[in-house]
Every structure is written in structure tokens, then in C-alpha cells.
Amino acid sequence: MKRILSIFLSAIIVAVSLFGFSSTAIAAVSGKCGDNASYTYDLSAGTLVISGTGDMDNYEFNSTKDDSRGWSSADCINSIVSITVESGITSIGSYAFKGLTNVRSISIANTVKEIGARAFDNCAVGADTVTVSIPASVESIGEYAFKGMSRVSAFSVSQDNKYYSSADGILYNKNKTKLIQAPCRISGENLTIPSTVTAIGADAFYKLQNVKNIVMPASVNTVGNNVSSVFSQCKYSITVYYSKSSAFEWNVYLKNIGVNGSLYPQITFEYADKSTTVKEYPPFTSGSDITAPSPSAPKSNGDKTHNIYSFPSAFEDATGDAVYTESAEIVSCSFDKYEITDSPTYTQDGKGKYTCTACGYYYEVTIPHNNCNHQGEIKTVNLKNATCTEGGYSGDLLCTVCNQYISTGEATLPNGHSLEKKVVNPTCTEQGYTHNICTVCNEEYNDNYTNALGHSYKTTVTKATTSKAGSTVIKCTRCQSVKSNVAIPKISSAALSTTVYVYNGKVKTPSVTVKDSKGKVLKKNTDYTVSYASGRKVVGKYAVKITFKGNYSGTKTLYFYVKPKGTEISSISARSKSFRASWKTQKTQTTGYQIQYSTSSRFTNAKTITVTKNSNYAKLVSKLYARKKYYVRIRTYKNVKIDGKTQKLCSTWSKVKAVTTKK
């Protein structure tokens with residue numbers, strides 16, 4: 001399905017180029033990437049967002065398998081600059097973001113428990129720097145998950161994570177016994193591995209950009225599963241310094257350390273105290289030359305002898321390992337160098353030192369001091385001028401020949417401040433005070449505090465209407481700070497309890513219900529008053545006016561009707577192609593009657609006959625079909641003036657009666 005989607009997107013892109021459609025129309029594309037997980041990428045913004053719940057799908061693609069990711073097109077690979085895995089996702093699938101080279105921002109939600117193998121392999125490749133933050137929820141990180149991310153300068157693991165940790169930007173397991181991944185762009189040429197580390201992860205140092213030297217502790221006994229790739233494609237040739245006390249056979253690995261695919265064998269000399277044979281790696285062939293550095297001799301006043309070390313240039317190759325022999329000859333020291341380490345004074349002895357230039361052994365001698373009669377230059381020292389707040393000192397007399405004090409001085413009192421004052425008035429919330437600054441030393445302090453004024457609040461009500469909400473604002477008249485701002489919802493509805501009455505000779509007064517936009521029922525005489533039109537008992541249309549008050553303003557007018565009392569058909573008789581209907585007269589508040597008949601019980605295509613006198617009680621309806629069944633009903637009406645026009649107000653229809661005409 002994802003392969004089909006990729007082909008479909010390619011077709012859309014071709015259509016855009018041919019017909020000039022706007023690229024924004026296809027900028028955002030989404031699909032599934034798990035049972036309950038989905039993806040959305042926006043090419044115009046360069047964003048890829050994984051959302052939903054549960055695990056992402058795992059992916060695998062190579063020369064024989066197609067890339068099935070929904071974001072695998074060339075446009076996506078080259079255009080996506082940010083990846084966001086949202087809350088709810090519990091795993092990032094294997095190979096999920098491999099090869100998204102332009103990524104500059106990665107966000108992983110604190111619900112992700114697993115990061116699959118090669119999930120970010122060769123993702124975020126380039127010159128910019130990126131920090132990868134791993135949340136507390138992560139419990140498992142697959143092999144090569146962060147391999148070759150040349151933009152990454154640091155990994156940052158939440159302190160609450162129970163399974164992983166980070167230090168100086170490097171990713172470790174929780175107790176730092178395994179170094180999982182060093183960021184490609186970690187700063188500095190030198191990298192020292194902590195002594196807690198016993199294992200180096202697969203491709204841990206792949207594509208290092210700045211590092212030239214790695215100090216490896218004796219504790220390390222495992223390096224990845226393919227050491228040639230652990231150090232491969234680094235920018236510089238890496239020299240690994242290691243301890244001879246390590247039981248780990250480094251010759252198996254160091255011979256494969258390389259830069260950009262080329263192999264550069266490395267060697268570091270380590271001296272083993274009192275040993276006669278030292279084995280170094282990687283292997284060298286017979287006849288190779290190694291220039292060993294001069295050994296460091298201890299600095300001591302003990303026996304004045306030293307060792308001379310020799311390093312022959314011929315190497316054994318019977319086992320493929322380089323070997324050199326350390327031999328020693330005890331000789332006497334010459335002590336051919338003398339130096340004064342501490343010059344004598346007129347009161348203190350000095351020191352001299354004799355050193356053997358061959359081995360560095362030395363011994364020290366005492367140089368006696370001389371006496372002084374203080375006949376040379378005398379100067380004043382330790383002079384201190386008084387300040388505004390601190391006293392001074394008149395100074396001591398010092399002999400410049402023997403550097404001894406001849407006499408001591410006296411203390412002087414402080415000068416005191418020269419103050420410039422500025423009064424700062426109090427505000428509603430801040431105290432008033434006098435600000436003092438010394439014109440001599442610029443020291444500043446405040447005093448003479450006065451109490452804050454406190455707020456002076458005023459309540460302003462903006463009344464709500466039927467079209468706009470209002471508010472009650474309590475604000476300080478001095479500093480304009482708002483204590484509270486309570487919204488008054490607008491009036492959303494006003495309704496009568498009844499809008500249609502039947503005339504019965506009594507005055508009609510429907511009740512009113514008013515609600516605001518929150519559904520609250522407003523109170524009559526508190527939030528509004530009601531006035532009714534006069535009359536309200538004869539047939540007609542009547543107004544009810546609502547006038548809002550209190551927190552509300554404006555008016556609203558509602559209407560109800562009083563309709564005439566209805567009547568019933570008392571009898572109906574069939575005749576030739578006609579029928580005669582009679583009814584009960586209804587003369588009070590009635591102008592006349594309307595008779596309606598139809599061949600359909602639903603009164604489809606019905607015809608209506610108007611009887612204009614309320615005294616009539618029967619009507620012959622003719623020109624009908626013979627032997628046809630008709631349905632008949634009747635109602636009253638009254639002509640009334642409404643808004644200046646005469647209108648008929650009708651009662652409800654009577655019960656229906658049926659009649660079949662004769663031949």
C-alpha cells in the first residue's frame with residue numbers, strides 16, 4: 001500500500017509540473033505507519049510528524065527490498081528538516097528515519113519505550129549541529145540506532161531514565177559500563193573513556209569529526225562486533241592509548257583503525273615497571289624501526305645511580321607480533337648541572353641544586369644568608385588611603401637591601417560619605433524611600449521608607465446585549481492593574497410560554513423565559529422587565545416587550561396570537577355530484593368559515609370555500625365527481641388589522657368527515 005502511495009505521489013508531482021497546479025495543494029500527505037500510528041509530512045514546511053498510539057511499523061530495505069516507508073520518496077528524503085514523534089507512540093520502528101539527511105531537529109515524546117535498530121542511521125547528515133534528547137521512558141535502543149549522524153554534537157538522556165545515561169554528550173547504559181555511541185561532532189581532539197567502561201558498542205566511534213586521540217582504560221575488554229567499523233570513516237587518524245595492564249588483546253583491533261576506509265596502524269609505548277620484555281601492537285614485520293621515547297626517571301635524593309635503556313630495531317615476527325627488549329645497565333651519576341633554586345637574602349638562607357643530565361637525579365645544598373645594617377634605601381610600603389567607609393594606614397618603613405621592616409605605621413579613620421539624595425514616591429505595591437548615592441565612592445543605599453499606597457479599585461460594568469457579551473472589570477485607578485475581569489455572557493434567547501391562544505373571553509398573559517449564552521436563566525425584575533400590549537383577549541396579534549436591566553441592556557419584542565374558537569361539521573349528506581355540509585354556527589369573534597375538501601385523506605390538492613357570514617350554517621358544494629369519496633373539514637376565521645393590513649386569523653381545522661357523491 002505504501003509503495004502504491006509513493007507511486008501516486010510521484011504521479012501528482014508530474015501533474016503539477018505539467019499543468020501548473022499550486023504545490024501547496026499536495027504539500028501535506030498522511031498515511032499509516034502502525035496499527036494505530038500515522039504519519040503526516042509537509043514538503044513545504046519540511047516536517048514529518050508521527051502521531052497516534054502504540055508501536056510504529058518496523059522497516060527493512062536494501063538492494064533487494066524496496067523502501068516501504070510512506071516518506072521514502074526522493075522529495076521527502078531531501079526535504080524533511082524536522083522529525084516529531086508525538087505523545088502516545090510507544091516505539092520507533094527499525095530503519096524508520098534512516099537516510100533523512102537534511103534533518104536539523106528531532107523531538108521524541110516521553111511515551112516512547114523502544115528505539116529500533118538503525119532507526120536514525122545516517123539521519124541528520126551535514127554541517128549544522130543537533131542534540132538528540134532521549135526521554136525517561138526509553139527502555140531499549142537497537143544496534144546502530146544513531147550511527148553516522150554527522151550533525152549530532154551531543155546525546156542528552158533524562159536523569160529519570162532507568163536504562164540509559166549521558167555524560168559529556170556521549171550515550172552510555174545506565175551504570176556507564178558500556179559506551180553505546182559517541183556523537184560524530186563531539187568537541188575536542190582528545191577523548192578519555194571513563195574507567196567504568198568495559199565494553200564499546202558497535203560503530204561507537206563511526207565518523208568522528210574532531211577527535212584525534214582516544215585514551216582507553218584497562219577495564220575495556222569488548223569492542224563492538226566488527227572493530228574495523230567501530231573506528232571507520234573518522235575524519236582524522238585515531239591514536240588509541242591503552243594500559244598494558246589490560247587483559248584485552250588490542251592487536252586484534254588496532255591494526256584495523258582507519259580513516260575514510262584507509263587503514264592506519266597505530267602504536268603506543270607503555271612501560272611496565274621492572275619488566276624486561278614489553279609487547280606492543282599492532283604487528284610489525286621483521287626489520288621495522290621504532291624510536292622509543294626516553295624513560296622518565298624519578299626525582300629523588302637517594303642512590304645517585306640510574307639505568308640506561310636500549311631498544312634494538314630488529315623485531316621478531318614468528319607470531320606476527322612486534323616485540324622489543326628492554327635492557328638496563330647501572331652507572332654512576334655525573335651531576336653536571338648546577339642551578340640556584342632559592343636565592344639567599346640578608347635574613348634567609350637560599351638553596352642550590354645539582355642534577356645529573358643523563359637520568360634527572362639531583363641533590364640540594366644550602367646557601368647561607370648575609371647580614372644588613374639598613375644603610376641602603378628606605379621606602380614606605382603598605383600605605384593605604386582612607387575611603388568613605390574604610391580607614392587607612394600611614395605605611396611601614398622598609399629596608400630595600402634586606403627587605404626588613406624598620407618601623408610600622410598608624411591607622412586612620414574613614415572619611416565618611418558625601419551624599420546626594422533622591423526621593424522615590426511610593427506606588428500601589430512598592431514602598432517609597434530616599435535613594436542615597438555618595439558623590440565620592442558611588443556607594444548607593446536606601447532609607448526613610450514609606451508604606452505602599454495600596455490599590456484604589458473601581459468597578460466598571462459593560463452591560464451585555466443580545467449581540468455582544470459584557471464584563472465586570474475591577475481596576476486600580478492609580479496603576480491600572482486589573483483585580484478581576486468577569487465576563488457577562490450575552491443574551492442568547494427570549495421565548496414566550498405560549499404563542500397561540502384560542503379565544504375564550506379572558507385576557508391572555510404568557511410568561512417569558514430569557515437565557516444567556518451559557519444557558520443560565522435570567523431573573524425577571526432583576527435582569528429584565530416585561531410589558532404587555534393592552535386588550536389581549538379578543539382575536540388578534542399582541543406584542544410583549546422585554547426591557548433588559550442590571551447587567552444587561554436593550555429591548556426585545558415577542559408576539560403571540562389569539563385565534564377564533566373553532567366549530568364542527570354537524571352533518572354531511574351526499575347528492576348528485578355534490579354534497580351538503582352543515583355546521584354549528586360560531587358567531588362570537590368570528591367573521592366567517594372556510595370549508596376544505598379533497599379526494600385525498602391527506603387533503604392533497606384540496607379546495608377551500610370561504611363562507612363570509614358567520615350566521616350561515618350550511619353549504620352545498622357542487623360540480624364534483626359522481627360516486628367519488630370526498631374528505632371534508634371546516635374552520636372559523638376572523639378578519640383583523642395587523643400592522644395596518646387586514647389578515648385572516650383562523651381557528652384549527654375540525655375533525656374530518658367523509659362523503660361519497662351520488663350519480
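Atom set for the values below is all heavy atoms of this structure, side chains included, hydrogens, waters and symmetry mates excluded.
- You'll find the side chain of Asn504 reaches within 4.5 Å of the side chain of Lys508, heavy atoms only.
- Residues Gln594 and Cys650 meet the side-chain proximity criterion, which asks for heavy atoms closer than 4.5 Å.
- With a 4.5 Å cut-off on side-chain heavy atoms, Ile50 and Trp71 count as touching.
- For Phe61 and Tyr95, the ring centers are positioned less than 6.0 Å apart.
- When side chains are defined from C-beta on, Ile141 counts as touching Ile134, because their heavy atoms get closer than 4.5 Å.
- Residues Leu649 and Ile642 have side chains in contact (heavy-atom distance under 4.5 Å, counting atoms from C-beta outward).
- When the shell of 6.0 Å around NZ of Lys613 is examined, it contains 12 or fewer heavy atoms from other residues, nucleotides or ligands.
- Between Val49 and Tyr39, every side-chain heavy-atom pair lies at or beyond the 4.5 Å cut-off.
- Here Asp67 does not pair with Lys98 in a salt bridge; the nearest charged N to carboxylate O distance is not below 4.0 Å.
- Tyr501 pairs with exactly one of Tyr561, Tyr559, Phe560 by the ring pair (Phe, Tyr, Trp, His ring centres under 6.0 Å) rule, that one being Phe560.
- For the pair Ser578 and Leu620, the minimum side-chain heavy-atom distance is below 4.5 Å.
- With 3.5 Å as the limit, one finds no donor-acceptor pair spanning the side chains of Lys565 and Gln586.
- Of the candidates Phe155, Tyr144, Phe97, Phe97 is the only one forming a ring pair (Phe, Tyr, Trp, His ring centres under 6.0 Å) with Phe120.
- Side-chain polar atoms of Ser571 and Ser582 form a donor-acceptor pair below 3.5 angstrom.
- By the 30° and 60° cut-offs, the orientation of the rings of Tyr457 relative to His455 is tilted.
- Looking at Thr636 and Ser651, their side chains do bring a donor and an acceptor atom within 3.5 Å of each other.
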Can you list the steps and then say if Lys458 with Lys475 is a side chain to side chain contact (heavy atoms under 4.5 Å, CB included)? CA-CA 5 Å; Lys458 179 182 178 181; Lys475 181 187 292 186; over 6 Å; no

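- Within 6.0 Å of atom CD in Gln159, 12 or fewer heavy atoms from other residues, nucleotides or ligands are found, so the atom counts as exposed in its surroundings.
- Ring centroids of Tyr552 and Tyr528 are separated by 6.0 Å or more, keeping the two rings apart.
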